[in-house]
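The structure appears right after this line, and notes come after that.
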Amino acid sequence: MTARYANELTRLSHTLTWAATTELDPLRHAIREASHSSLRAIGSGGSLTAAHVLATLHKRYSGYLAAATTPLEAINQPLDPSVSSWLLTAGGSNVDILAVAKSLITGEPRQLAVLCGRSNSPLARLCDQHPFIDLLLYAPHRGKDGFLATNSLLGFSAILARAYAAEYHRDDDWHDAHEQLAHLVRPDSSQISVWQDATQTLWQRSTTLVLHGASTQTGAIDLESKFTESALGNVQLADYRNFAHGRHHWLAKHAETSGILAFVADDDSRVAERTLNLIPPEIPQARIPLPGGRTATELTSLTAALWVTHWAATARGVDPGRPGVPDFGRKIYRLRSQTHRRPRVPSPRQTAAIRRKIDAASPRRDDPTNLDLWQDALDVFLLRLRSSRFNAVVFDYDGTLMDTRNRFDTPTPEITTALVRIIESNTRIGIATGRGKSVRNDLQRSVPQALWSQVLVGYYNGAQLAPLDDDDTPDVSHRIDPSLEPLVDLLRNHSALARIAHQHTRPWQITLSAMSHVPNALVWELSSEIVHEACPIGVSVVRSAHSVDVLAAGVNKLNVVNHLRDTGDNRVLTIGDRGRWPGNDHKLLREPCSLSVDEVSTDPSTCWHLGQPGQRGLAVTLDYLAALTPSADHLTFAPDAFE
């Protein structure tokens, strides 16, 4: 009777082999991006169990809060955009995961990651339209799961555990988990036989109380999901101490219809034994011992849940892989979520622009008066932008012309083509970057040599300016700027800062790069405190996506704008990605006509992000450049641009 489900269990060993050997670089990179914030893991059905695995791993390794939620919860409980949001789905086609994806894309969280098992799914195609999404495509098994998640669930959970362990240099955690799992994914395992015998008395009772500890909660959650979804019986969950707070009363009133299944890990064995020994002897118990560390027991409790479902289904004559779905169930499954209605403004693009400003400046997104004020400010800014004639455009580099995830590549062909189009319209461009000659080399490989003289580069945040055809700039042989000189050793020798950041010193800039899993914000806070206490005149501390720069007096990206104005290009459009203080584009994007492709300032008069909803980075840069119309000696935006 359990043929479909039983056949899926025979593939668990193949899934474990896949999880232990598949390439994890994209997943590790996404985990690295998530490691500096709280995380919300979103899934439905079996993928909700995988979301619990992700949330548990994130809490354990990063130290930040994490929670697993359903799509409906995520849609109706918008969070601060700094919270990482991850969607987990094997198929990528159900209406709920698509609805929450569209909602989150519009909300533009700092990180949106999608772990999906199908590359040709509707969700994957949606993500392809929004390059800022971390689309993680992993197909972990041969053949599709049946009604219940089995191989996809174990596969997702195992690669997440392996990736977190590797990213946090805790490889022993994965080796321990793999060793324990290897004994449990084979149907002929002696341990499996022992567990099967221990659970047989439970299936004569209609209700199973599943007791668990902190590291075995995942298995309990999945068991409740599988028993309910396949109508195998009633399951109640409680950890050992919450069971003590009244949940034991169920047994006092329903002892004859109830049994206990207990997941017992090494770290909760004492409380488990003492609790279970107090249960009346007429109530059957099955104890599932799960040795190993917490990552191991999280995965082995999940694997145990897969087998327990099989044994209960066999005893009750049900195939959980094909239980039969009623017509009303299919209709319910296809219902669409109702998303939260927001106040309307003239267009989706302008709605998104206003929401970005409100998120940066105000805790009250839903205040109609607030919306009206921001709409008025946007109208004034758009009027100024559309009526201006530009003869120069100054860009930030990383995050604006280069995706920060691929920052050591050359600009994409699309970006290069757009820049060349601007230059060939007799418009000068400036590049304001925190980097040095690597930018010169990349641009020289991308931009035709005949146009190099039209490109002004401001290296090290505007410390040195030179046209792109100047191979002698930047020159780092200068002595360190006097305003920075006392700070070099202060920063390098600070015991706390030295443990969390690498330091690179140039004549006008000290760059601090956070070590793995250290939040960039912490490096900025600590270095700012050190600089503030030293009181050097004119020195500033700014942040990019990947580092913190301590800048000498007089150094900032506005130097590029001012140089262009001094040489006759007095109508300048500026475009960057870090407009919110202390971002390194904050001053650059305070110009009257300034556009952000990501973070915006709280200033209502400028630094607006006018990209389409759910877009940021290079896609928005290309959108802006496509909207510019060249004339004889200037560029303009069309009267209906950004509607």
Side-chain angles (χ1 to χ4, degrees), residues 11-36 39 41 43 46-47 49-51 53-58 60-62 84-92 111-121 123-128 130-145 149-182 185 295-296 298-299 302-303 402-410 412 515-517 546:
R11 299 200 303 269
L12 292 179
S13 60
H14 298 291
T15 296
L16 180 60
T17 299
W18 169 84
T21 57
T22 195
E23 172 58 54
L24 294 184
D25 281 351
L27 181 56
R28 288 186 59 178
H29 185 277
I31 289 171
R32 196 176 309 138
E33 290 296 308
S35 65
H36 307 313
L39 182 144
S47 293
T49 301
V53 172
L54 172 58
T56 301
L57 291 167
H58 191 76
R60 183 182 307 141
Y61 284 99
S62 76
S84 291
S85 291
W86 284 53
L87 308 183
L88 294 89
T89 171
Q111 184 195 38
L112 177 56
V114 174
L115 179 56
C116 182
R118 281 181 55 210
S119 60
N120 62 342
S121 64
L123 180 59
R125 292 194 292 272
L126 174 64
C127 293
D128 284 338
H130 303 275
F132 77 88
I133 297 174
D134 290 317
L135 178 58
L136 311 166
L137 296 171
Y138 287 90
H141 60 280
R142 295 176 295 180
K144 185 180 178 182
D145 283 343
T150 52
N151 285 275
S152 63
L153 174 56
L154 178 63
F156 277 6
S157 300
I159 61 170
L160 285 166
R162 180 177 157 223
Y164 265 95
E167 192 57 32
Y168 282 84
H169 310 293
R170 300 266 295 276
D171 293 313
D172 287 347
D173 289 356
W174 167 250
H175 296 321
D176 175 34
H178 186 266
E179 181 181 0
Q180 300 296 334
L181 283 169
V185 294
T295 298
E298 183 168 13
L299 296 182
L302 176 60
T303 308
M402 287 294 302
D403 191 320
T404 55
R405 292 171 293 190
N406 306 305
R407 59 186 298 265
F408 296 112
D409 295 340
T410 56
T412 65
M515 296 180 183
S516 180
H517 310 302
H546 51 82

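As the structure is a computational prediction, the values presented were derived from the model and not from experiment.
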The criterion is ring pair (Phe, Tyr, Trp, His ring centres under 6.0 Å); which residues satisfy it with Y168, sequence neighbours excluded? Y61, H517

Compare all side-chain heavy atoms of Y164 with those of L54 and state whether any distance is below 4.5 angstrom. yes

Excluding sequence neighbours, so at least two apart, what forms salt bridge (charged side-chain N to carboxylate O under 4.0 Å, His left out) with R60? E298

With sequence neighbours left out, what residues match D409 under side-chain contact (heavy atoms from CB on, under 4.5 Å)? M402, N406

What distance separates R125 CZ from L123 CG, expressed to the nearest 0.5 Å? 10.0 Å

Any chance you could measure L112, atom CG, to S85, atom OG, to the nearest 0.5 Å? 6.5 Å

With E167, which residues qualify under side chain to side chain donor-acceptor pair (under 3.5 Å), at least two apart? R28, R32

Can you list everything that forms a side chain to side chain donor-acceptor pair (under 3.5 Å) with S157? Sequence neighbours excluded, please. none

For S35, side chain to side chain donor-acceptor pair (under 3.5 Å) partners two or more places apart: none

Point-to-point distance, once rounded to the nearest 0.5 Å, from CG of L135 to SG of C116: 7.0 Å

Just jot down the ring pair (Phe, Tyr, Trp, His ring centres under 6.0 Å) partners of H178, sequence neighbours excluded, or say none. W174

Who are the side-chain contact (heavy atoms from CB on, under 4.5 Å) partners of T22, not counting sequence neighbours? W18, L24, Y138, I159, R162

With rounding to the nearest 0.5 angstrom, report the CG to CG distance, L115 to L88. 5.0 Å

Listed partners of S13 passing side-chain contact (heavy atoms from CB on, under 4.5 Å), at least two apart: V185

All side chain to side chain donor-acceptor pair (under 3.5 Å) counterparts of Q111, not counting sequence neighbours: S84, W86, D134

Please enumerate all residues that pass salt bridge (charged side-chain N to carboxylate O under 4.0 Å, His left out) together with D403, with sequence neighbours excluded. R405

Nearest 0.5 angstrom please: L136 CG to D25 CG, how far? 11.5 Å

Compare every heavy atom of G92 with every heavy atom of T89, then report the nearest pair and how far apart it is. OG1-N, 2.8 Å

By side-chain contact (heavy atoms from CB on, under 4.5 Å), D171 pairs with (sequence neighbours left out) A166, H175

